[in-house]
Amino acid sequence: MGKKGIETLVGLFVLLGFLALVFLALQAANLATLTRGDTFTVTARFDNIGGLKVRAPVKSAGVTVGRVAAIALDRETFQGLVTLEIERRFSFPRDTSASILTAGLLGDQYVGLNPGGDDKDLAAGDVIRITQSAVVLENLISQFLFKSAAEGGGDTKK
């Protein structure tokens, strides 16, 4: 193999490395699977959104049906106001519930939609009324520690 052949192989290797870095950057920024169709927006209020981020997936039965478009604080109720963009090809009943879930034990958080049984479907601008806030790992650990301390509470004589 001549000098030109080696230079070509090195160039291809560098190009593949660059493409791999671009792919990893898109995965890390959660931009690899942008919604491709027409969408409509709905909102949901949560007492605690945990580590939910804009562009986090919205899933139903494990299938990505949309993205989180915006997160804000409602100044009247002091709840997290989450705006969801859902692809129009998916329709959900009006009594659909939304939960903030975690992918794996310490993975990223996403919004899970659980369809209800209403005859009418969610439309643009609707509010999802039934929500379940994020489970915060720190709160669970502190509850466990406080419960353990209360049960063990200084009773050393038995």
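Applying the 6.0 Å contact sphere to CZ of Arg129 captures no more than 12 heavy atoms from other residues, nucleotides or ligands.
Residues Val82 and Val68 come closest through the heavy atom pair CG1-CG1, 3.8 Å. Residue Asn114 comes nearest to Ser99 through the heavy atom pair ND2-OG, 4.1 Å, listed as atom of the first residue, atom of the second, then distance. When all heavy atoms of Gly112 and Leu101 are compared, the closest pair comes out as CA-CD1, 4.1 Å. Nearest approach of Gly116 to Asp95, heavy atoms of both residues: CA-OD1, 3.1 Å. Contact between Leu73 and Phe78 at its shortest, heavy atoms only, is CD1-C, 3.7 Å. In plain terms, the two heavy atoms of Phe92 and Ser60 that are nearest each other are CE2-OG, 3.5 Å.
To the nearest 0.5 Å, atom OG of residue Ser133 and atom CD1 of residue Ile100 are 6.0 Å apart. The distance from atom CD of Glu85 to atom OG1 of Thr83, rounded to the nearest 0.5 Å, is 9.0 Å. The CD atom of Glu76 sits 10.5 Å away from atom CG of Leu81, with the distance rounded to the nearest 0.5 Å. To the nearest 0.5 angstrom, Lys3 atom NZ is 12.0 Å from Thr8 atom OG1. How far CZ of Arg45 is from CG of Asp74: 4.5 Å, rounded to the nearest 0.5 Å. The distance from atom CD1 of Ile86 to atom CG of Asp126, rounded to the nearest 0.5 Å, is 10.0 Å.
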Item to check | Leu52 and Val111: CA distance, side-chain angles, deciding distance, side-chain contact (heavy atoms from CB on, under 4.5 Å) verdict | outcome: CA-CA 8 Å; Leu52 187 69; Val111 176; 3.9 Å; yes
Item to check | From CA spacing to verdict: side-chain contact (heavy atoms from CB on, under 4.5 Å), Val65, Lys59 | outcome: CA-CA 5 Å; Val65 297; Lys59 296 183 179 186; 5.9 Å; no
Next on the checklist: Test side-chain contact (heavy atoms from CB on, under 4.5 Å) on Leu84 and Thr41; report intermediate values, then the result.
Outcome noted: CA-CA 5 Å; Leu84 310 173; Thr41 59; over 6 Å; no
Checklist entry - Taking it one step at a time, do Thr102 and Asp108 satisfy side-chain contact (heavy atoms from CB on, under 4.5 Å)? => result CA-CA 6 Å; Thr102 304; Asp108 285 338; over 6 Å; no
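A donor atom on one side chain and an acceptor atom on the other are found under 3.5 Å apart for Gln79 and Asp47.
Hydrophobic clustering of Ile, Leu, Val, Met, Phe, Trp and Tyr side chains at less than 4.5 Å, counting indirect connections, keeps Val10 apart from Phe13.
Paired with Ser97 under the rule side-chain contact (heavy atoms from CB on, under 4.5 Å), one option of Ile130, Thr131, Ile128, Leu113 passes, and it is Ile130.
The hydrophobic cluster of Val127 has no other members, since no ILVMFWY side-chain heavy atom comes under 4.5 Å of it.
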